[in-house]
Amino acid sequence: MGPLSRDAWAQRLGAFRASPSAFMAGPEGEDLGRDLLGDLRSEKLSEQTKVSLLALSLEYPAQLWPDVSAAEVAATSLLDTLVLLPPRPSALRRPLLLAATTALAAGGALGPTSGASCRLLPLLLGLAAGSDLGRGFVPASEQRPLQATACECLRELESCKPGLLGGSLGLLRGLLGQEGPVQPISLLLALALRNTLVLQSRVGAGLGGLLTDKVSPTGGGPWDWTLVEEGDGRLQPQAPSWPAAEEGEGERSLTAREHSPEEARELRAVVIQLLDTSYLLTPVAQAQLLWLLGWALRGLQGQPPALFKPQLVRLLGTAQLTLLHAVLALKAAFGEALFTAQDEALLLRRLTLAAQHPALPPPTHLFYLHCLLSFPENWPLGPEGEEAAPLLLGPQLCRGLLPSLLHDPMALLARLHLLCLLCAEDEEEEKGQLPSPRHYLEELLAGLRQRAALDEGPRALATVCFQASYLVTRCLAGQPTVLTPLIHGLAQLYRVRPMLASHFVDFLDQVDSELRDPLKVVLRQEVVSRPGRDEALCWHLKMLAKVADGDAQSATLNFLQAAAAHCTNWDLQQGLLRVCRALLRAGVRGGLVDLLQVLARQLEDPDGRDHARLYYILLAHLAGPKLGVALGPSLAPPALASSLVAENQGFVAALMVQEAPALVRLSVGSHGVKGPLPVLKLQPEALEPIYSLELRFRVEGQLYAPLEAVHVPCLCPGRPARPLLLPLQPRCPAPARLDVHALYTTSTGLTCHAHLPPLFVNFADLFLPFPKPPGGAGLGFFEELWDSCLPEGAESRVWCPLGPQGLEGLVSHHLEPFVVVAQPPTSYYVAIHLPPNSKLLLRLEAALADGVPVALRTDDWAVLPLAGDYLRGLAAAL
Amino acid sequence: MAQRAVWLISHEPGTPLCGTVRFSRRYPTVEKRARVFNGASYVPIPEDGPFLKALLFELRLLDDDKDFVESRDSCSRINKTSIYGLLIGGEELWPVVAFLKNDIIYACVPLVEQTLSPRPPLISVSGVSQGFEFLFGIQDFLYSGQKNDSELNTKLSQLPDLLLQACPFGTLLDANLKNSLDNTNFASVTQPQKQPAWKTGTYKGKPQVSISITEKVKSMQYDKQGIADTWQVVGTVTCKCDLEGIMPNVTISLNLPTNGSPLQDILVHPCVTSLDSAILTSSSIDAMDDSAFSGPYKFPLTPPLESFNLCYYTSQVPVPPILGFYQLKEEEVQLRITINLKLHESVKNNFEFCEAHIPFYNRGPITHLEYKTSFGQLEVFREKSLLIWIIGQKFPKSMEISLSGTVTFGAKSHEKQPFDPICIGETAYLKVM
């Protein structure tokens, strides 16, 4: 594609700016960065259009060249374009330098291995030093502006890679003394100096000759990549962790470092040089210089903060926001070392003055007010980080900072905060001054409420009234002389303008119970004392849903009954039901049952009737705690913004069974062999108190008949539970796996369902003894059984290894109940009944030291491998 | 100390979006630092569309003030500075410095050089004051001598180039954008040694210094026992020094007239090199006594090229220049008003213009008016419920004029009539200008 025309580019840039993400996702997005670089060299486009292209690249390099390599390519291309410019004045040189710097710094390509970086840095330093770059590279008329621009570019690179210019300090210092733009060089030197001081201290090194050497001692040019690496790529904040700077990491490392007397002297000379010429800088640049130097010198030995003193008087006289702010930063950095108590008082006076000076704009007033309340005092009394009125800021100074109804909301709140702080202090001091701040505060709040009560007043008036009330309750909690009139004033406001119910509800949610509880009571009284049809009914219902509780039930119910007749539309009905719901939650039962029944019949809207019926059913069927949970805040996050849906989800969550992690553990105990069926003995154990536990079992593979559920009324952790007996009805004599589910109620009333780990029924768990034959007939009985197995059954011989306890131990431990004939310790005949109707017969005879041969017969082929495994595993199982 | 982005938004109530982004500028290198400094609490700068919406919502400039919205109206969301947190895509962009002036919203986001959670105190964020200064600078540039919309548009179109000079990387170099404009225009002028950064060239020609003093009187007269009337003068001294040389030294000295009240609350221009401590401490905060510093007020300075405000001050005058009396009586459907104005003899009876505005709030449009005036004409703005009494360039010989009459109002239609939360019932004011 050939170069675009000016108009085409204008259109394209417009489309991009409207929504960069949408443009980049579109068909033209991919080519934009490449086209832009290409067309910068086009001869058809005017310089103005090219500047607009470069302006775009200054703002959106991340979109145009999204990765490091693309940024590197772009920077290279921009530098090439710069070099190729004809040697006449051009408006493109400055933006090209800025664009190349931005591309490298923002794209993350800046580094010792980047080719573009290695071209750009010497170029910038050469320009900054005003040296001749040859070949008419810079037309004479452009030299000065380019010198300034190069300094700015270097400053930006140093900001992004602290320490980069550590090796150029001497050079920069030399430039400051020479002819050259003062401001860019001053700022660049201050920044490089600050970064070097911080980084060198981190590695415990001094400044060395950095301030005096014109050429870097490390060699390899003035670029100090080693220092950058020591900085670990960490950026240097301007004012590390102010105001709690004492604990800051930067602070510790700064104090830990010492400079040789010579270094200290050089450093001081540089700082004085910078400060002396600071007057030549624009106010905003002066402020930057002070921030940089102030925090760089903080805690440095041999660098008295008094260096800054000559500047202060001049700065204190101005109204410039940045300058006063910088003075405050110096105050925070040096405290008493730079500001005596008198200085502190003067600074406070100037701030107080600036916070109300009619010649300054309101945003400035507000910021100065903030500065007053966060003032870095020499000896702060209050807790760190909280807004407080400085000690030296007496009531006299604050007189002009009192809030009035004529102020706009932000000014009013800021000044009100100050007033509250004064009131809080006032309590401790004796009274006597007139009018007292507290009296003033009360009048102000009354005025605010009066304004909020205005019929057509915008919502903002109400908002500021409640914000003010909230601020007062926060600052003056525990002062009944303030809170009591506040409560009554608010109740009165509600009486006049119930449509502010939403604000009241929000207010009740935010304040502490100290205010909330009494306010609830008076608001409830306000509402229920005026039953009947009222335009404000919907607000009353909203209010009541918040403030209704177990107290004053009959008045509330009377109000609701009276209101029900007027609740003709869906909205009002829902409001009414919400109050009912609140009462249900509060545990009100008596009169509510009647009301709900009436509503379930009477309400016009079917949805309303359904809801009333639902509440009635819930009330009739659920016990108190369960009801509380059912009506509590929804457990499931609402999927839709509708309150009804959310409510229903709440019910669903509370009334339906919840899937939950298992709060109960089961283990299989020793099995008993009494009775006609094998019985599994289970030992339950609860992790939390649970109630109405029902355990359900399912046999995998239908090997046994379905199992009955087991019920346990209550399980508590730490309290031993009785074992549970689970009778098994095998359909074939085989081990099986049982799936276990638990259903239980938690102490909060929720019903939960949990899947427990499976239980295993072993082959031996199925063993039952044959009924004992009459005395002495054991052998004959056994032989009869033995013979009956063949020919249908199977016979086998198995080697059963013996442990150290020998045959006798093995039998007594595992087979005792099934032994029919015993001749200890050499021979045992064992008969096992395997339900439903199989048998397993064992002859254990002629034991050797390490095992016993077992002859076995069974009438069921399938049992044979199981029996074999069982016998072989016996010794190990002991 | 840098800005991540800056916006100018025109507030257009009644349109679907209620505003348009007129100008925006982002600083990607600062943004990169913000990502590192803020760490996990980093919130990127949004595109213009979402930013516009969130800002207008936060500033209550959308037309949907009707309903209670917790994220805006909750009593615990207390904002005491012009610095906001904007909810954008579930994350909060903070700090956003923003204010509305002349239907333009000025906004920027300063870089915070640490993590944002917990939020550092604003006072420790150096970029905040810089952000304000930046926005004030743009505001000054847009509105200095601006007469109409097309001039505003021209100036807006100059902004990108100007910011390339005044704030190329997000760190503000000069809040006075006019200097940058001159810089671009006179780039070829070779500047001599040690030129102040705030002085873009040198003056050649006849040396002259012009000084003008503007005073505004703010007076509240209650005509009520127990409440003292108040009045305060706010003065501005504007200078233009046309002097040759790079750094000419000038001392401007202000003297009070005989029996003049002392100047207080003096704020000076940064070009003033030193200040007497008596000037620094003279303040209206203190109770007035005879020991107050009464001048001469000396300001040694090195002037910039352009016209500048040397200082602002306040002062107490012994009597208000115009003594007013305004009575308002509600008589069933109409209001009876009586106004007397008296010019003090010490004031020169010669004005560019003089008129009294008599607004009526919280009422319907004016439907009927009967009046009698001893001097001047009365203009009636029925729909705005406003009367303007045009006094002209001079008071009559007697120095006293009066207006009386009755005003009847129609039914209130909620949207159109002016609302005021203070002027309810018989509370009203009259403004002389």
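A note on names: the letters A, B, ... follow the listed sequences, proteins ahead of strands, and every chain is numbered from 1.
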Problem set entry | Heavy-atom proximity to chain B below 4.5 Å, by part of A:P181 | neither
Seminar exercise, completed: When rounded to the nearest 0.5 Å, the distance separating CD1 of B:I422 from CZ of A:R451 is 5.5 Å
Exercise. Could you give the distance from CG (B:L122) to CG (A:L373), rounded to the nearest 0.5 Å?
Worked result: 11.5 Å
For this session: Check each atom of B:Y313 against the heavy atoms of chain A and say whether the ones under 4.5 Å are side chain, backbone, both or neither.
Result: backbone
Exercise. Non-hydrogen atoms of chain B under 4.5 Å away: do they reach the side chain of A:L471, the backbone, both or neither?
Worked result: both
Problem set entry | Shortest non-hydrogen separation from B:S284 to A:R399 and the atoms involved | O-NH2, 4.0 Å
Problem set entry | B:P160 portion near chain A, given a 4.5 angstrom heavy-atom threshold | neither
Seminar exercise, completed: Between B:Q232 and A:P358 the two heavy atoms that sit nearest each other are OE1-CG, 4.1 Å
Problem set entry | Contact origin within A:P362 toward chain B - heavy atom pairs under 4.5 Å | neither
Seminar exercise, completed: Turns out that what part of A:L454 lies under 4.5 Å from chain B's heavy atoms comes down to side chain
For this session: Count the heavy atoms of every other residue, nucleotide or ligand shown that sit under 6.0 Å from CZ of A:R474, and state whether that count exceeds 12.
Result: no
Seminar exercise, completed: chain A shares the most heavy-atom pairs under 4.5 Å, among B:L275, B:L173, B:L164, B:D420, with B:L173
For this session: Please examine the side chains of B:D73 and A:H503, heavy atoms only from C-beta on, and report whether any two atoms are closer than 4.5 Å.
Result: yes
Exercise. Is it the backbone or the side chain of A:V464 that comes under 4.5 Å from a heavy atom of chain B, or both, or neither?
Worked result: neither
Seminar exercise, completed: When the 4.5 angstrom heavy-atom criterion is applied to A:Q48 and chain B, the contacting part is side chain
Exercise. What's the shortest heavy-atom distance between B:L267 and A:L353, and which atoms?
Worked result: CD2-CD2, 3.7 Å
Problem set entry | Separation between CG of A:L316 and OG1 of B:T281, rounded to the nearest 0.5 Å | 11.5 Å
Seminar exercise, completed: Okay, B:V30 and chain A: the region with an atom under 4.5 Å from a heavy atom over there is both
Exercise. Rounded to the nearest 0.5 Å, how far does CD of B:E113 lie from OG of A:S159?
Worked result: 8.5 Å
Problem set entry | Top contributor to chain A contacts, counting heavy-atom pairs under 4.5 Å, from B:V234, B:L135, B:D174, B:V128 | B:D174
For this session: Kindly assign one of parallel, tilted or perpendicular to the pair A:Y279 and B:W198, based on the angle between their ring planes and the thresholds 30° and 60°.
Result: perpendicular
Seminar exercise, completed: SG (B:C75) and OH (A:Y470) are apart, to the nearest 0.5 Å, by 6.5 Å
Exercise. Non-hydrogen atoms of chain A under 4.5 Å away: do they reach the side chain of B:I266, the backbone, both or neither?
Worked result: backbone
Exercise. So which of A:R350, A:M499, A:R314, A:R415 has the largest heavy-atom pair count under 4.5 angstrom toward chain B?
Worked result: A:R350
For this session: Please confirm whether the backbone N or O of B:L172 pairs with a side-chain atom of A:Q288, one donor and one acceptor, at under 3.5 Å?
Result: yes
Exercise. Please walk me through it: do B:R33 and A:C160 pass side-chain contact (heavy atoms from CB on, under 4.5 Å)?
Worked result: CA-CA 7 Å; B:R33 295 209 288 280; A:C160 292; 3.6 Å; yes
For this session: Mind ranking B:S24, B:P270, B:A98 by heavy-atom pairs under 4.5 Å with chain A and telling me who comes out on top?
Result: B:P270
Exercise. Between A:L369 and B:K80, is any pair of side-chain heavy atoms under 4.5 Å apart?
Worked result: no
Exercise. Distance-only, no hydrogens or angles: does the A:Q467 side chain make a donor-acceptor pair with backbone N or O of B:S76 under 3.5 Å?
Worked result: no
Seminar exercise, completed: Cut-off 4.5 Å, heavy atoms of chain B, and the answer for A:L346 is side chain
For this session: Output yes when a side-chain donor or acceptor of A:H370 lies under 3.5 Å from a complementary backbone atom of B:I123, and no otherwise.
Result: yes
Problem set entry | Heavy-atom proximity to chain B below 4.5 Å, by part of A:A105 | both
Problem set entry | Derivation of the side-chain contact (heavy atoms from CB on, under 4.5 Å) call for B:H269 and A:T318 | CA-CA 6 Å; B:H269 190 270; A:T318 75; over 6 Å; no
Seminar exercise, completed: Interface check, chain B: of A:Q320, A:R349, A:H357, most non-hydrogen pairs under 4.5 Å belong to A:H357
For this session: Heavy atoms only, distances under 4.5 angstrom: which of B:T273, B:L111, B:D48 has the most pairs with chain A? Name it, please.
Result: B:T273
Problem set entry | Residue among A:R17, A:Q356, A:Q510, A:E156 with most heavy-atom pairs under 4.5 Å to chain B | A:E156
Exercise. Any side-chain heavy-atom pair from B:N79 and A:L413 closer than 4.5 angstrom?
Worked result: no
Problem set entry | Options B:T314, B:T302, B:I83, B:V272, ranked by heavy-atom pairs under 4.5 Å with chain A, top entry | B:T302
Problem set entry | Full working for side-chain contact (heavy atoms from CB on, under 4.5 Å) between A:T282 and B:N176 | CA-CA 9 Å; A:T282 61; B:N176 187 347; over 6 Å; no
Problem set entry | Closest approach of A:H325 to B:S129 (non-hydrogen atoms, all atoms of both residues) | ND1-OG, 2.7 Å
Exercise. Would a 4.5 Å heavy-atom cut-off, applied to side chains only, mark B:F169 and A:L98 as touching?
Worked result: yes
For this session: For each of A:T277, A:V182, A:L58, tally heavy-atom pairs with chain B at distances under 4.5 Å, and name the one with the top tally.
Result: A:L58
For this session: Go through the steps to decide whether A:M410 and B:T81 satisfy the test side-chain contact (heavy atoms from CB on, under 4.5 Å), and finish with yes or no.
Result: CA-CA 6 Å; A:M410 283 195 291; B:T81 57; 5.8 Å; no
Exercise. Is it true that the side chains of A:T463 and B:R60 contain a donor and an acceptor less than 3.5 Å apart?
Worked result: yes
Problem set entry | B:F99 versus chain A, the contacting section by heavy-atom distance below 4.5 Å | side chain
Exercise. Can you say whether A:C153 sits under 4.5 Å from chain B via the side chain, the backbone, both, or neither, judging by heavy atoms?
Worked result: both
Exercise. Which bit of B:N362 is near chain A, if near means a heavy-atom gap under 4.5 Å: side chain, backbone, both or neither?
Worked result: neither
For this session: List in chain and number order the residues that pass salt bridge (charged side-chain N to carboxylate O under 4.0 Å, His left out) with A:D509, two or more places apart in sequence or in another chain; answer none if no residue qualifies.
Result: A:K546
For this session: With the side chain counted from C-beta on, respond yes when A:T364 and B:F136 share a heavy-atom pair under 4.5 Å apart, and no when they do not.
Result: yes
For this session: Specify which of A:L280, A:L366, A:T101 makes the most heavy-atom pairs with chain B at under 4.5 Å.
Result: A:L280
Seminar exercise, completed: Cut-off 4.5 Å, heavy atoms of chain A, and the answer for B:Q130 is both
For this session: Find the distance between CG (A:L328) and OG (B:S124) and round it off to the nearest 0.5 Å.
Result: 11.5 Å
Problem set entry | When A:A411, A:C371, A:P184, A:S52 are compared by non-hydrogen pairs under 4.5 Å with chain B, the top option | A:C371
Problem set entry | A:T149, part contacting chain B, at a heavy-atom distance under 4.5 Å | neither
Exercise. Are any of the side-chain heavy atoms of B:S82 and A:F367 separated by less than 4.5 Å?
Worked result: no
Exercise. Who among B:E31, B:E133, B:K101 has the most heavy-atom pairs with chain A under 4.5 Å?
Worked result: B:E133
